[in-house]
Amino acid sequence: MLMMSMCLFTACPSDGDDGDSTSNSTAGNGGSVAPTTQSSMGLYNGGKPFTLYEFNSDGTVRQSTFVSYETNAQNDVYTYSYFSDQIRIIYNTGSTLNNEITLTLQDGRVTKQHRAGVLLFDYEYDANGYLERVIEYMSTGRKSGEWGVTWKGGDIVETKAQGYTFVFVPSEMSASVAHDGRYNPLVYALWKDNLSLYSMRWAFPLVRFFGKQPQNLVGRVLKEWKSQSVYSAKLQDYVKADVMKGPSFSYQQQNGKLTKIRQTVVSLDKEGNQVSTFDDSGFIDYELRW
C-alpha cells in the first residue's frame with residue numbers, strides 16, 4: 001500500500017513547536033480555529049462522479065477537517081488536532097465511529113503511527129531528511145513487514161515491499177503544483193502495493209510531515225506481473241507473457257495549481273514496449289477545485 005500537505009514540500013517543525021497544545025479542529029483539546037479555506041477533489045469514472053473529497057484548512061495551512069463523500073455510502077469525516085509532539089486524527093466512517101490515529105512527531109517528521117493505542121508503523125529517514133524505510137507491525141506488536149524507498153535527484157525512483165519492486169518514473173511536472181498535498185508521489189511510497197489514490201486518505205493533507213517531498217509528480221509506477229494475457233498484434237489474439245504494469249498519470253494545471261489528473265493503466269513487455277492487457281482499458285479523472 002504505497003502507494004497523498006506541505007509547507008511547501010518540506011517538513012514543518014514550526015507547527016506547534018512552542019510546546020502548547022494547539023488544535024485546528026472543534027474536536028481537539030486546545031483552542032479551536034475556524035476553517036478559512038475550502039477546496040475539493042472529485043473522482044470521475046467515465047465522466048460520472050463517484051467520490052468527492054472536501055478539504056477545510058485554517059489560516060496556518062494546517063488541516064482542520066477532510067470529508068470523503070462516497071456515492072451510495074455514508075461519508076467519511078477526518079478531524080485533525082495538532083500538538084508539539086503529535087498529530088491526532090479522529091475519523092468516522094460508515095461502519096465505525098471515533099476511530100483514532102496518533103502520529104508521533106520528532107523534528108517535525110512522523111516517526112510512529114498508532115491506531116487506538118496500538119503501534120502500526122515506524123518511519124525512518126536518511127541523513128538528508130527523506131523517508132527511506134517503513135516498518136509495519138501486527139496488533140500483537142510483532143513485526144509483519146517492511147519496505148524501503150529509494151531516491152535519486154530528489155525523486156522516488158523505486159520502492160521494495162513484501163518481495164515486490166515498484167519502479168517510479170517521475171513526470172516532468174513539478175510537484176509544487178500539488179498544493180497542500182492534495183496529490184503527491186510520497187503517498188505512493190507510504191503503502192506497499194495498493195497503487196491507488198484511495199490509499200491513506202487521512203494522509204492526503206499531511207505528507208509534509210513525512211520528510212522532504214519529491215521534486216516531481218509521478219509519471220507512472222510499474223510492478224512486475226507474471227503470465228499476463230497480452231494482446232499480440234501479429235497473432236491478433238491474447239498470449240501469455242511477463243509484463244511490467246501499473247498506473248500512468250497525465251496532469252493539467254492552471255495558475256500554478258494542479259487542476260486535473262488522468263489515471264490509466266500501462267503495460268510494458270521486457271523490452272520496454274507498450275502492450276495491451278485485459279485491464280488496460282479505461283481511465284479515471286481526478287479534478288481538483290480551489
*Please test Y137 against D122 for side chain to side chain contact (heavy atoms under 4.5 Å, CB included), starting from the C-alpha separation and ending with a verdict.*
CA-CA 8 Å; Y137 298 93; D122 279 328; 2.5 Å; yes
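- Put simply, CG on D285 and OG on S250 are 8.0 Å apart, with the number rounded to the nearest 0.5 Å.
- At distances below 3.5 Å, at least one donor-acceptor pair connects side-chain atoms of Q213 with backbone N or O atoms of V207.
- Atom OG of residue S248 and atom CZ of residue R262 lie 11.5 Å apart, to the nearest 0.5 angstrom.
- Legend: residues meeting side-chain contact (heavy atoms from CB on, under 4.5 Å) with N273, ordered by chain and number and at least two apart, are D269, E271.
- For the pair T259 (side chain) and Q252 (backbone), a donor-acceptor distance under 3.5 Å is present.
- Every residue two or more places apart in sequence or in another chain was checked for a side chain to side chain donor-acceptor pair (under 3.5 Å) with S276, and none qualifies.
- From M244, atom CE reaches atom CZ of F166 across 9.5 Å, with rounding to the nearest 0.5 Å.
- Using modelled atom types, no side-chain atom of K143 and backbone atom of I135 make a donor-acceptor pair closer than 3.5 Å.
- Not a single donor-acceptor pair under 3.5 Å links the side chain of Y130 to the backbone N or O of P214.
- Atom CG of residue L119 and atom CD of residue Q113 lie 9.0 Å apart, to the nearest 0.5 angstrom.
- Here the side chain of E158 pairs no donor or acceptor atom with the backbone of I156 at under 3.5 angstrom.
- Side-chain N/O atoms of T102 and E100 include a donor and acceptor closer than 3.5 Å.
- At least one donor-acceptor pair closer than 3.5 Å links the side chain of D126 to the backbone N or O of N128.
- Distance OH/Y123 to CZ/R109: 14.5 Å, rounded to 0.5 Å.
- Classified by interplanar angle (parallel below 30°, tilted 30° to 60°, perpendicular above 60°), the ring pair Y78/Y91 is parallel.
- Judged purely by atom type and a 3.5 angstrom limit, W147 has no side-chain atom pairing as donor or acceptor with the backbone of E136.
- Hydrophobic clustering, with ILVMFWY side chains joined whenever heavy atoms are under 4.5 angstrom apart, keeps V265 apart from Y251.
- Closest approach of M173 and S171 over heavy atoms only: N-OG, 3.0 Å.
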